[in-house]
There are 2 protein chains.
Amino acid sequence: MKKMNEAITTDFEQINTELVGVFNNVMWIEEAALKRSYFSDITLKDMHTIEAISMYDEKSASQVAKIIHLTPSSMTAAIDKLVEKGYVERRRSSKDRRVVRLGLTHKGRVVYRAHQEFHRDLTHNLVKNMSPKDVSIVKQAIHNLVSYLAQIINQ
Amino acid sequence: MKKMNEAITTDFEQINTELVGVFNNVMWIEEAALKRSYFSDITLKDMHTIEAISMYDEKSASQVAKIIHLTPSSMTAAIDKLVEKGYVERRRSSKDRRVVRLGLTHKGRVVYRAHQEFHRDLTHNLVKNMSPKDVSIVKQAIHNLVSYLAQIINQ
DNA sequence: TAATTTATTTCGATTGTCAAACTATCTCAA
DNA sequence: TTGAGATAGTTTGACAATCGAAATAAATTA
């Protein structure tokens, strides 16, 4: 019994150590991977803007700003840059001409899919060689984490 | 059999979606948690500097810069700020008077331990209510991910 | 000892971010 | 119908973080 608890502690510590490493490093690894890719003219933050535009269909500028936690003025600047580089399109809504609707260009959709693929590779490697039952356990763990993070946000 | 494969696909997709969410959001959630804490005068990047100093004992400025992927000149600026705020101490090595050795002050160690606790809470919630066997599976998954990230870096 | 290498700092430029002020448009109540 | 506020986005000015290049200082090598 003592031995088993030791094993639990050890597993916990290893998970904790590696998880901290992942959180501290995944950002610059993504950034570095992006720089080495064909799309070397956008940053990871740009990519998150592109993700937010693509995932949430036909969002307005302020909605995207909220998703990625930017102020409206910063959003304007971020979009200016992405429009200039040819990843994003701005168009005024015809219903409400104050609203700017955001969409991806062809180039924008290509880079978005490439980044999606990067994430899918990460997930694929996370559950590499695991049985369906084990994958389901991992799913539960990630879901626990997501729930906890949501709880922190809404506290 | 078809049903089982569908289940695998679904689990994979859910893990992927939630994992992307975690990666995209954990940063600003940590940042927000930090701002609400007693230590509201440092950013998450400052915290990573503090982590690097604490974890890797008696490192020089350039070694810490390498760990957190900053140029030496940016490191100087980052440390200036942390010294001014009372979290970090600079002292010239007596062996080689070119090198700056970095250490945490009492205040620095307190904030470091508080942040460690935050990470341990995350890990604790990741494996909440799981059997030792399931925890071990999660450990394996995280380790797979770390290995893959390491492989990307060294490619 | 002179030349070279190494560790850090200083300097100037660039970029990302924000808050405040501004413009255009919409909504609603008199 | 109209005019006072509300709302969406932009512009502007200031500030922080970051970088690369040059400067400084100390150690090492030839």
Basic-acidic side-chain contact under 4.0 Å: A:E58, A:R91:
yes
Among B:T105, B:D46, B:L82, find the residue that satisfies the side-chain contact (heavy atoms from CB on, under 4.5 Å) test when tested with B:V88.
B:L82
For D:dA16, the nucleotide meeting Watson-Crick or G-U wobble distances (both under 3.5 Å) is none
Using a cut-off of 6.0 Å, state whether more than 12 heavy atoms not belonging to A:K66 lie near its atom NZ.
no
Check ion pair A:E89-A:K107 (N to O, under 4.0 angstrom)
no
Hey, where on DNA chain D does chain B first and last touch, going 5' to 3'? Cut-off is any atom under 4.0 Å from a heavy atom.
D:dA17 to D:dA27
Give every donor-acceptor pair under 3.5 Å between a side-chain atom in residues 130-141 of chain A and any protein atom, sequence neighbours left out.
| from | atom 1 | to | atom 2 | distance (Å) |
| --- | --- | --- | --- | --- |
| A:S131 | OG | A:D134 | N | 3.1 |
| A:K139 | NZ | B:D11 | OD1 | 3.1 |
| A:Q140 | NE2 | A:N144 | OD1 | 2.9 |

Heavy-atom donor-acceptor pair, B:K59 side chain to B:L102 backbone, under 3.5 Å:
no
What does the list of N/O pairs under 3.5 Å between the protein and nucleotides 21-24 of chain C look like, with a distance for each?
none

Please identify each residue that fulfils salt bridge (charged side-chain N to carboxylate O under 4.0 Å, His left out) with A:D80, with sequence neighbours left out.
A:R90
Comparing A:D96 and B:S60 on DNA chain C - which has the more 5′ nearest nucleotide
B:S60
Please determine if a side-chain N or O atom of A:K81 lies less than 4.0 Å away from the OP1 or OP2 oxygen of C:dT15.
no
Pairwise ring pair (Phe, Tyr, Trp, His ring centres under 6.0 Å) hits with a residue in residues 64-100 of chain B, at least two apart
A:W28-B:H69
Give me each pair satisfying salt bridge (charged side-chain N to carboxylate O under 4.0 Å, His left out) with a member in residues 18-29 of chain A, each pair once, sequence neighbours excluded.
none
Which part of the nucleic acid does B:R101 contact within heavy-atom distance under 4.0 Å: base, sugar-phosphate only, or nothing?
nothing
Note: contacts of residues 20-46 of chain B with DNA chain C (heavy atom, under 4.0 Å) are none
Suppose we screen for side-chain hydrogen bond (donor to acceptor under 3.5 Å, both in side chains). Which residues come up paired with A:H124, at least two apart in sequence or across chains?
none
Partner set under side-chain hydrogen bond (donor to acceptor under 3.5 Å, both in side chains) for B:R120, not counting sequence neighbours:
A:E13
Syn within 90° of 0, anti beyond: D:dA14 is anti
Give me the residues of residues 68-80 of chain A where at least one heavy atom lies under 4.0 Å from an atom of DNA chain C, by number, or none.
A:L70, A:T71, A:S73, A:S74
Distance-only check: which donor-acceptor pairs under 3.5 Å involve side-chain atoms of residues 147-155 of chain B, not counting sequence neighbours?
| from | atom 1 | to | atom 2 | distance (Å) |
| --- | --- | --- | --- | --- |
| B:S147 | OG | B:H143 | O | 3.0 |
| B:N154 | ND2 | B:A150 | O | 3.1 |
| B:Q155 | OE1 | A:R36 | NH1 | 3.1 |

C:dT15 - base-pair partner by Watson-Crick or wobble geometry, distances under 3.5 Å
none
Those residues at least two apart in sequence (or on a different chain) that pass salt bridge (charged side-chain N to carboxylate O under 4.0 Å, His left out) with A:D96 are A:R98
